[in-house]
Amino acid sequence: MNLSILIPLLNEEESLQELYNWIIKVMQSNNYSYEIIFVDDGSTDNSWTIIEGFSNENSNVKGIRFMKNFGKSQALHAGFAKAKGDVIITMDADLQDSPDEIPGLYEMITAEKFDLVSGWKKKRYDSVVAKNLPSKLFNWAARKTSGVELNDFNCGLKAYKNTVVKNIEVSGEMHRYIPVLAKNAGFNKIGEKVVIHQARKYGETKFGMERFINGFLDLITIWFLSRFGKRPMHLFGAMGSLMFIIGFLLAGYIGVSKLYHMYNGMRYSLVTSNPWFFIALTTMILGTQLFLAGFLGEIILRTKNNEERYKVSREVNF
C-alpha cells in the first residue's frame with residue numbers, strides 16, 4: 001500500500017465531506033493505493049456518523065473512535081499503530097492543510113529517501129499577535145533546544161516512512177515534537193517542505209494561547225527525556241552527590257574551625273550561630289533528596305507498566 005492518510009479530529013462535521021472528496025480526488029488522480037484513517041478524539045457532534053458513512057461507501061476509509069477526548073498525541077498514536085502504508089501522511093481535518101500537497105510529500109519520502117518531511121506554513125492566515133508571533137518564538141526555542149532545524153514544528157501536515165511511526169512513542173502532548181522523537185530514535189534524514197496554509201473555513205480553532213505554554217513545558221520535558229530519560233540517576237545522582245559533598249565539606253570546615261579555636265583558647269561561637277552551618281545543612285539535605293529522586297527514577301523506569309493511554313469505543317474497517 002502506497003499511502004496511509006491519518007486524520008485526527010474533534011468536532012469537525014462541517015469540513016469532513018469536503019476534505020474526504022478532496023483526498024479521494026488526489027488519490028485517484030495519482031493512482032495511489034491508500035487508506036484513510038479518521039481518528040475521532042471524542043467528538044460530540046456528528047463527526048463519527050459521517051465517518052461511518054464514508055466507511056460504508058469506501059472500504060479504504062477506516063475509523064477509530066475514542067470514548068472521550070484524550071488529545072491529539074493519543075489520536076496519532078492510535079492511528080500510527082494501525083497504519084499499513086509505506087508512507088504515512090498526517091493532516092488536520094479543518095481544511096487548513098491542503099491534500100494537494102500529498103504527492104509532493106510522498107515523492108520526498110520515496111524518491112529523495114527522507115525519513116520524515118514536515119510541512120512549513122511559511123505564509124499563514126492566523127492572527128499575528130495570538131498565533132504567528134508566539135509560534136515563531138516557540139519554533140526558535142525548539143530549534144535551539146532540539147538541534148532539529150525546522151521552521152514549523154506545529155504544522156500538522158507531515159509525511160513519514162512507515163518504519164518511523166512504528167518506532168517512536170507519541171505520548172502526553174508530544175505530537176509537536178515528533179521530528180525530535182524521530183531524531184532521538186535514530187532517524188536523521190528529516191526534511192521540510194513549504195506548504196499552503198488555508199484560512200479556516202468552518203468553525204473555530206480548538207487550540208488557544210495555552211498550547212504555547214504547554215508547548216514550552218513539553219519542550220523542557222523532551223529535552224530531559226532525550227538526554228536522561230533512560231538514565232535519570234546520571235543527572236539527579238550527580239547533582240545530589242555534588243551538593244552533598246559541598247555541604248559536608250562546608251560543615252566539616254565549620255566543625256574543625258571551632259575545635260581549633262577551642263584548642264588554642266581563642267574566642268568561638270556556637271556552631272548553630274554560624275549561618276554557614278544552615279547553608280551546609282540545607283545543601284546536604286537537598287543533595288540527598290536529589291540523589292533519592294534519581295534512585296527512585298531508576299526504579300520506576302525498570303518497573304513501569306506500559307498502560308494504555310486511551311480507550312477506543314468503536315472501530316470500522318479494521
Side-chain angles (χ1 to χ4, degrees), residues 3-29 32 34-83 85 88-102 105 119 121 124-127 130-131 154-158 170 173 175-176 195-211 214 309-318:
L3 279 165
S4 293
I5 312 298
L6 174 55
I7 305 170
L9 62 106
L10 174 65
N11 295 333
E12 297 288 358
E13 62 179 357
E14 295 171 306
S15 62
L16 284 177
Q17 185 66 57
E18 186 174 340
L19 177 64
Y20 170 73
N21 293 338
W22 196 351
I23 292 173
I24 294 300
K25 180 182 176 183
V26 172
M27 296 298 104
Q28 291 176 347
S29 62
Y32 291 135
Y34 70 94
E35 63 180 359
I36 304 173
I37 303 175
F38 290 98
V39 184
D40 184 353
D41 187 20
S43 294
T44 55
D45 61 5
N46 291 319
S47 294
W48 180 250
T49 302
I50 295 170
I51 292 168
E52 285 186 314
F54 296 156
S55 67
N56 290 332
E57 69 181 53
N58 185 347
S59 61
N60 294 320
V61 177
K62 304 174 181 180
I64 301 171
R65 188 183 192 187
F66 285 175
M67 294 182 71
K68 67 172 188 175
N69 177 231
F70 286 97
K72 187 174 181 179
S73 291
Q74 324 314 323
L76 289 174
H77 183 275
F80 286 158
K82 297 286 189 179
I88 289 85
I89 306 281
T90 60
M91 62 192 309
D92 294 333
D94 56 11
L95 294 175
Q96 290 191 287
D97 296 333
S98 170
D100 289 335
E101 303 286 355
I102 291 174
L105 292 168
K121 295 174 180 176
R124 303 185 67 97
Y125 293 94
D126 294 322
S127 166
K131 279 197 171 183
N154 273 321
C155 182
L157 186 59
K158 290 181 173 67
V170 188
E173 290 296 320
H175 57 272
R176 305 175 184 89
V195 296
I196 297 170
H197 179 230
Q198 303 189 125
R200 189 176 181 91
K201 193 171 182 179
Y202 303 106
E204 297 179 352
T205 180
K206 309 299 187 298
F207 303 100
M209 282 293 292
E210 71 277 1
R211 75 168 180 165
N214 295 335
R309 298 183 301 271
Y310 48 84
K311 302 295 182 184
V312 176
S313 66
R314 294 193 65 185
E315 292 184 354
V316 290
N317 282 349
F318 284 108

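For the atom pair NZ (Lys158) and CD (Glu101), the distance works out to 13.5 Å, reported to the nearest 0.5 Å. With rounding to the nearest 0.5 angstrom, the NZ atom of Lys68 is 15.0 Å from the OG atom of Ser43. Atom CZ of Phe38 is separated from atom CG of Leu19 by 5.5 Å, given to the nearest 0.5 angstrom. Remark: Arg65 CZ to Arg314 CZ distance equals 7.5 Å, nearest 0.5 Å.
Ion pairing between a basic and an acidic side chain is recognised when a charged N comes within 4.0 Å of a carboxylate O; Glu35 and Lys82 show no such pairing.
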Self-check item: Chi angles and distances behind the side chain to side chain donor-acceptor pair (under 3.5 Å) call for Ser47, Glu13
Solution: CA-CA 5 Å; Ser47 294; Glu13 62 179 357; 5.7 Å; no
Exercise. Just do the side chain to side chain contact (heavy atoms under 4.5 Å, CB included) check on Ile51 and Leu9 with the steps written out, would you?
Key: CA-CA 11 Å; Ile51 292 168; Leu9 62 106; 3.9 Å; yes
Exercise. I would like to know whether Met67 and Val312 meet side chain to side chain contact (heavy atoms under 4.5 Å, CB included); could you show each step before the answer?
Key: CA-CA 6 Å; Met67 294 182 71; Val312 176; over 6 Å; no
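Side chain of Ser4 to backbone of Ala83: no donor-acceptor contact under 3.5 angstrom is found. Side-chain atoms of Asp97 do not come within 3.5 Å of backbone N or O of Met91 as any donor-acceptor pair. Although no hydrogens or angles enter the test, the distance criterion places no donor-acceptor pair under 3.5 Å between the side chain of Ser55 and the main chain of Asn317.
The minimum heavy-atom distance between Gly79 and Leu6, with the atom names listed, is CA-CD1, 3.6 Å. When all heavy atoms of Gly156 and Lys72 are compared, the closest pair comes out as CA-NZ, 4.2 Å. Taking each heavy atom of Val26 and Ser29 in turn, the nearest pair found is O-OG, 3.0 Å. Looking at every heavy atom in both residues, Phe318 comes nearest to Gly63 through CE1-O, 3.4 Å.
Counted by atom type alone, Glu52 and Trp48 present one or more donor-acceptor pairs between their side chains at under 3.5 Å.
Residues Ile37 and Ile5 have side chains not in contact (no heavy-atom distance under 4.5 Å, counting atoms from C-beta outward).
Residues passing the side chain to side chain contact (heavy atoms under 4.5 Å, CB included) test with Ala75, sequence neighbours excluded: Pro8, Val39, Phe66. In this structure, the side chain to side chain contact (heavy atoms under 4.5 Å, CB included) partners of Asn58, at least two apart in sequence or on a different chain, are Tyr20, Ile24, Tyr34, Asn60, Val61.
A side chain to side chain contact (heavy atoms under 4.5 Å, CB included) with Ile7 is found for exactly one of Thr90, Asp92, Ile89, Ile36, namely Ile36. Between Ser98 and the choices Asp100, Ile102, Leu95, the side chain to side chain contact (heavy atoms under 4.5 Å, CB included) rule is met once, by Asp100. Among Thr44, Asp41, Asn11, Asp40, the one residue that satisfies the side-chain hydrogen bond (donor to acceptor under 3.5 Å, both in side chains) test with Asn69 is Asp41.
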